[in-house]
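To start, the structure itself, in structure tokens.
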Amino acid sequence: MDREVPTYNGVAPGISMAMGPVTDMDIDKPTTNGHAAGSKRKASLGKGKSYKDDSDDDDVPLTKRRKTADSDSDSEDDKPLVKKVIKPVEATAHQIGEDSDDEVPLGVKLQETKAKIEKAAEKEAVKLRKEDKVAESKKKSKKKSSDDDDDDVPLKKKAKPAAKTNGTKKVKKEDSDDDDVPLVKKAPAAKKGKAEAAIPKKKGKKDAESPGNEDAEPEEEEYRWWEDTAKGDGTKKWSTLEHNGVIFPPEYEPLPASVSLFYDGKPVKMHAVPEEIAHAFGAMLNSTHNVENPTFQKNFMEDFREALKQNGGAKDKKSGDKVDIKHFDKLDFQHIFNHVDAERQAKKALSAAEKKQKKAEKDALEAPFLYCSWDGRKQKVGNFRVEPPGLFRGRGEHPKTGKWKKRVSPEQITINIGKEAMVPAPPAGHKWKEIKNDNEGTWLVMWQENVNGNYKYVMLAANSDVKGQSDFKKFEKARELKKHIDKIRKDYHRELKSDVMAERQRATAVYLIDQFALRAGNEKGDDEADTVGCCSLKFEHITLRKPDTVIFDFLGKDSIRFYSEVKVDPQVFKNLKIFKRDPKQDGDDIFDRLTTSALNKHLSNYMPGLTAKVFRTYNASFTMATLLKEMKKAPNAAEQMKDYNDANRKVAILCNHKRTVGAGHATQMEKMDTKIDGMRYQQWRLKQMMLDLDDKLKKKRGAAFFELPEGITQDWIKEHQASLTEAEKVKITKKFEKENEKLEAEDQKAMKPKELESRLEVIKELESKFKKENKTGKIEAEGKGATVERFESQIEKLEQRIAVARVQSEDRENNKEVALSTSKINYIDPRLTVVFCKKFGVPIEKPFSKTMREKFDWAIKSVDEDWEF
DNA sequence: TCAAATACTTAGGAGGACGTCC
DNA sequence: GGACGTCCTCCTAAGTATTTGA
């Protein structure tokens with residue numbers, strides 16, 4: 001039974017959309033976003049293993065428990081714990097202070113740097129608490145003046161706003177419980193009606209993206225929320241909210257008759273529903289890590305076959321006979337891929353004008369969805385496009401990777417909007433799942449996806465006020481942690497020896513989170529990739545090497561490998577040994593008495609809102625702050641940026657932010673090496689020319705100066721000479737051909753091959769020169785007015801170029817698998833970067849791209865160079 | 001108390017835009 | 001102006017953390 005793909009219009013004028021039949025949500029039993037179905041305890045105990053000694057006497061002092069074979073070392077438990085700093089040893093997750101040029105052994109160097117940073121943090125914490133006390137007593141003594149001050153945000157006193165405020169008039173106190181005070185200054189509520197027309201403009205921002213809005217609307221006053229101290233308690237996010245909903249993806253366009261999926265060598269035809277799934281697979285044929293993954297293939301096959309079953313199966317295109325598609329190996333997607341690729345190329349080949357035209361059409365279509373009105377302010381919406389159907393690209397060994405992510409229908413979509421606002425119309429013939437007026441949420445639209453049952457949200461863009469505010473809060477929270485970090489560290493060092501197992505595990509976990517920037521590690525379900533964080537570390541993820549080295553080796557978020565060999569506090573080493581004690585084995589939790597909730601609950605005792613993830617933000621920003629503080633002025637902005645990136649890289653390494661090494665990396669490195677060697681060879685030649693002018697120099701400068709550079713051999717020279725002459729030959733030939741083409745285009749007579757021959761004479765001369773040099777071992781001084789001084793200056797210039805190239809090469813190598821952007825976007829307080837720019841006179845455009853400058857607008861406008869994290 | 005539901009941040013990769021070099 | 005490499009933006013997966021409800 002063939003069915004037409006249902007099509008309907010209505011959300012965006014002019015766009016047609018297709019969705020699957022409107023059923024009652026094609027959603028598998030949801031597993032929820034990232035939450036395990038089973039409990040943590042089940043993970044280690046469910047297999048019938050007994051930890052009787054541990055579980056039965058949780059609260060029995062560990063010292064009274066049975067001794068193990070390692071009792072010797074355990075007996076040291078009761079010795080006073082000497083506070084030690086960690087000593088990471090490898091170029092892995094903890095390379096703070098790494099310095100490849102340094103003579104000091106890496107481990108020692110790292111230890112020193114980390115110790116310095118920790119010591120500084122401790123000192124700072126004491127100082128901050130002192131300052132707080134003084135401030136508090138001052139406050140008490142002049143209570144009445146409290147509403148004049150704006151230093152309500154902790155630590156804000158250090159931040160002197162660089163620019164004059166033109167923001168909203170300050171309302172008083174921060175901790176106002178008054179829910180009715182709008183989060184942002186209330187602007188006149190937009191009229192009911194076409195929402196996009198009601199969305200006011202933001203001052204100073206070009207509005208090219210919203211073509212419908214270009215006429216003379218009054219510009220909105222910039223709202224400097226970071227100077228507004230009356231931000232409520234954060235529960236109520238908005239008072240009025242207007243938006244136009246979402247754009248649905250275009251309908252599926254069936255393949256032309258000439259293009260087919262092949263099965264067992266024969267072209268087959270099928271209904272659009274299964275064809276769309278096959279099309280998706282064919283389109284991603286170049287993504288080998290997906291299409292060659294057996295799980296991906298298996299899941300794809302299951303869903304593809306199911307879709308075929310539901311839609312009349314497949315038929316031989318020629319005979320019309322039924323084809324039972326059973327085996328993945330017999331499928332051939334190449335024709336589909338070629339078709340998709342041709343379409344891509346055609347799109348690429350469009351003229352500039354055509355591309356412009358297409359873009360204009362797309363922009364016009366999307367314009368109504370770009371912005372919303374949030375408390376009367378025009379705010380950019382982040383992801384207003386409903387995710388198109390496709391094959392789920394779960395990362396790593398995700399058990400569901402390759403499953404078909406179905407087309408989302410309006411009936412699955414919940415709209416969150418202000419009570420007074422006009423609800424966007426669903427596509428004709430459809431209705432929304434639900435309309436909500438939840439002003440405690442920041443999302444505008446929500447639906448549930450069918451593969452994992454995950455919730456998908458449409459929220460505001462990163463440069464919106466509300467996202468900026470939560471970013472600001474996040475960094476303020478991390479700064480707040482500075483005041484408590486010394487106490488927290490003292491406490492966990494003490495509790496590492498606690499008699500209560502749960503407490504000891506907790507202390508050990510906090511130690512790891514603090515020292516090695518591990519993530520919390522929530523429990524995961526069986527239908528997710530097997531990745532872990534701190535609390536979910538398993539037996540096999542940690543190897544202990546006496547006396548105090550821990551080797552972490554596990555897959556973290558996004559299945560990125562975390563490998564690190566580090567020296568730890570001896571008590572941590574002992575604890576981990578205990579947590580791994582028999583009968584635990586592979587698959588069992590290291591921290592079987594600890595959950596992320598318990599850990600976070602404990603942390604919140606130190607400071608409201610303190611959770612495991614705050615440590616990552618704190619350590620990243622604090623490290624960056626320390627490195628920037630130590631930074632010296634560089635001769636120019638480029639070198640200053642290199643220093644900045646080096647600091648950024650240290651933070652990225654701390655956070656284990658990685659990227660896959662680009663395909664061309666090795667070739668690039670080789671190229672750079674060859675380039676450097678070429679320059680060194682050139683230097684050597686110049687030195688020989690110096691000798692040619694004055695053979696006494698050898699005695700004067702010492703023979704070593706004139707020797708062949710290390711690694712440059714006679715064989716290498718011959719090879720290099722050959723490649724030099726070849727490159728020159730190619731260059732001359734290409735130039736000749738181009739000139740001829742030009743002549744022909746101008747209807748002139750082309751040059752004869754003889755001309756090329758004569759031009760290539762120089763190559764012959766070059767070759768014979770090299771030959772002579774190689775034979776005699778002498779290099780004649782070249783150039784008019786050759787002098788020793790001139791050659792020396794040329795050598796010096798080459799030396800500089802070599803140095804620059806070496807730095808670049810090293811930089812590239814060091815950076816090949818480190819992603820800097822993640823830490824810059826999420827972990828390093830942007831105000832630190834602003835301070836860096838101001839202090840060293842570097843334009844903000846250097847470290848922050850346009851999008852980042854918009855996202856961190858609040859930071860750029862709120863600090864001067866004296867600001868400290 | 002626990003699992004499920006919910007809402008948000010953090011993450012790497014794909015692909016297009018942009019800049020540089022020849 | 002085309003080839004090539006790099007940077008930037010978009011996309012959406014994959015985490016964390018809190019809230020809800022049985």
Side-chain angles (χ1 to χ4, degrees), chain A residues 29-42 237 284 286-287 289-290 344 347-348 355 359 382-383 385-388 390 392-396 398 400-401 405 414 416 438 440-443 446 448-449 451-457 459-462 466-467 470-471 474 519-525 528-529 531-536 555-560 595-601 603-604 609-614 616-617 652 655-660 662 664-665 667-668 671 730-731 734-735 738 812 817 819-823 825-827 848-852 854-855:
Chain A
K29 283 283 165 268
T31 52
T32 79
N33 292 10
H35 247 278
S39 76
K40 182 180 186 93
R41 242 29 94 226
K42 280 179 209 156
K237 306 291 187 351
M284 60 192 289
N286 49 356
S287 176
H289 76 276
N290 283 312
R344 277 185 201 135
K347 205 176 146 195
K348 245 188 192 172
K355 279 183 189 163
K359 187 168 186 315
N383 51 328
R385 294 178 197 91
V386 170
E387 290 174 18
F392 171 65
R393 296 182 183 212
R395 296 171 191 158
H398 198 296
K400 291 191 174 179
T401 193
K405 202 172 73 168
T414 303
N416 192 28
D438 176 10
E440 290 184 4
T442 66
W443 55 276
M446 182 262 268
Q448 212 175 357
E449 147 274 342
V451 175
N452 298 293
N454 286 340
Y455 296 96
K456 301 285 188 166
Y457 295 91
M459 291 190 190
L460 295 197
V466 69
K467 291 285 181 194
S470 71
D471 234 22
K474 173 182 79 184
R519 293 188 183 84
N522 282 327
E523 275 304 298
K524 295 189 76 185
E528 293 173 278
T531 62
V532 297
C534 184
C535 295
S536 48
L555 296 182
K557 183 177 179 178
D558 292 312
S559 294
I560 297 292
T595 63
T596 50
S597 314
L599 181 86
N600 285 339
K601 204 176 161 197
L603 291 174
S604 70
L610 181 61
T611 62
K613 86 194 259 282
V614 181
R616 264 168 88 80
T617 315
C655 296
N656 201 40
H657 291 144
K658 290 191 179 166
R659 58 176 182 171
T660 47
H665 178 77
T667 328
Q668 285 289 324
K671 254 190 198 171
V730 170
K731 206 172 141 190
K734 267 197 175 169
K735 198 178 172 215
K738 230 178 181 178
R812 183 185 286 265
E817 53 177 10
L820 301 189
S821 60
T822 309
S823 49
I825 293 171
N826 300 301
Y827 288 103
F848 285 163
S849 68
K850 180 173 163 277
T851 327
M852 277 167 125
E854 284 175 10
K855 174 178 158 86

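Each chain gets a letter, A, B and so on, in the order the sequences are listed, and its residues count up from 1. Note that this is a predicted model, so its numbers are computed, not measured.
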Under 4.0 Å between any heavy atoms, over every strand shown, what does A:G533 touch: base, sugar-phosphate, or nothing? Just pick one. nothing
Closest to the A:R385 side chain, choosing from C:dC11, B:dA7, C:dA13: C:dC11
How would you label the contact of A:S821 with the nucleic acid (heavy atoms, under 4.0 Å): base, sugar-phosphate, or nothing? nothing
Check every strand shown and say whether A:A529 touches a base, only sugar-phosphate, or nothing at a heavy-atom separation below 4.0 Å. nothing
Grab the NZ-P distance between A:K467 and B:dC8 for me, whole Å please. 7 Å
What about A:K613, does its side chain sit under 3.5 Å from the base of C:dT16 through a donor-acceptor pair? no
Taking any heavy-atom pair under 4.0 Å as a contact, classify A:R395: base, sugar-phosphate, or nothing. base
Let me know, please, whether A:G396 or A:T611 comes out on the 5' side of the other along DNA chain C by nearest nucleotide. A:G396
When we call it a touch if two heavy atoms are under 4.0 Å apart, what does A:K405 touch: a base, just sugar-phosphate, or nothing? sugar-phosphate
To the nearest Å, give me how far apart CG (A:N656) and C1' (B:dA11) are. 12 Å
Under 4.0 Å, heavy atoms only, any strand: does A:R616 hit a base, just the sugar-phosphate, or nothing? sugar-phosphate
Just wondering, do A:N656 and A:K557 contact through their side chains at under 4.5 Å, heavy atoms? no
Is the phosphate of C:dT16 approached by A:N522 (side-chain N or O, under 4.0 Å from OP1 or OP2)? yes
What's the closest nucleotide to the A:M459 side chain, out of C:dA13, B:dA7, C:dT9? B:dA7
Value in whole Å for how far the C1' atom of B:dA11 lies from CE of A:M852: 13 Å
OP1 or OP2 of C:dA13 less than 4.0 angstrom from a side-chain nitrogen or oxygen of A:K557, does that happen here? no
Side-chain atoms of A:T660 come closest, of B:dG12, B:dA7, B:dG13, to B:dG13
When rounded to the nearest 0.5 Å, the distance separating CD of A:E387 from NZ of A:K405 is 4.0 Å
Take the protein atom CG of A:N826 and the nucleotide atom P of B:dC8, then report the distance between them rounded to whole Å. 17 Å
Relative to the 5' end of DNA chain B, which residue comes earlier, A:D558 or A:D438, by the nucleotide with the nearest heavy atom? A:D438
Rounded distance (Å) that lies between atom P of C:dT16 and atom CD of A:E523: 10 Å
Closer than 4.0 Å, any side-chain N/O of A:K524 to the OP1 or OP2 of C:dG15? yes
Out of B:dC8, B:dT10, C:dT16, which nucleotide sits closest to the side chain of A:A520? C:dT16
Interatomic distance, SG@A:C655 vs CG@A:L820, rounded to 0.5 Å, equals 11.5 Å
Are any of A:R393's side-chain N or O atoms less than 4.0 Å away from OP1 or OP2 of B:dA14? no
Please tell me which of A:Y827 and A:K601 maps to the more 5' nucleotide of DNA chain B, matching each residue to the nucleotide holding its nearest heavy atom. A:K601
In whole angstrom, what separates A:Y457's OH from C:dG15's P? 18 Å
Give a yes or no answer on whether the side chain of A:K524 reaches the backbone of A:V532 with a donor-acceptor pair at less than 3.5 Å. no
Describe the nucleic acid contact of A:T596 in one word from base, sugar-phosphate, nothing, applying a heavy-atom distance below 4.0 Å. nothing
Which nucleotide in B:dA11, C:dT16, C:dA13 has an atom nearest any side-chain atom of A:K456: C:dA13
Just call it for A:S470: base, sugar-phosphate, or nothing, with non-hydrogen atoms closer than 4.0 Å on any strand. sugar-phosphate
May I ask you to decide if A:K467's main-chain N or O and A:K855's side chain share a donor-acceptor pair within less than 3.5 Å? no
Ranking C:dA17, B:dA7, B:dG12 by distance to the side chain of A:K658, first place goes to B:dG12
Return the nearest nucleotide to the side chain of A:H289; candidates are C:dA13, B:dA14, B:dC8. B:dA14
Of A:G609 and A:I825, the one whose nearest nucleotide on DNA chain C sits closer to the 5' end is A:I825
Against the side chain of A:N600, the closest entry in B:dA11, B:dG13, C:dA17 is C:dA17
So how far is it from A:T596 OG1 to A:K601 NZ, rounded to the nearest 0.5 Å? 13.0 Å
Reported CZ-to-OG1 distance for the pair A:R659 and A:T822, which is rounded to 0.5 angstrom: 10.5 Å
Answer yes or no: is there a donor N or O on one side and an acceptor on the other, between the side chain of A:K658 and the main chain of A:I560, under 3.5 Å? no
With respect to the side chain of A:H398, which nucleotide from C:dT9, B:dA11, C:dA14 is positioned closest? C:dA14
Find the distance A:Q448:CD to B:dA5:P and express it as a whole number of Å. 8 Å
Would you indicate which nucleotide in B:dA11, C:dC8, B:dA7 comes nearest to any side-chain atom of A:T851? C:dC8
A:K237 NZ - B:dT9 P separation (whole Å): 9 Å
May I ask you to evaluate whether A:S849 reaches the phosphate of C:dT9, defined as a side-chain N or O under 4.0 Å from OP1 or OP2? yes
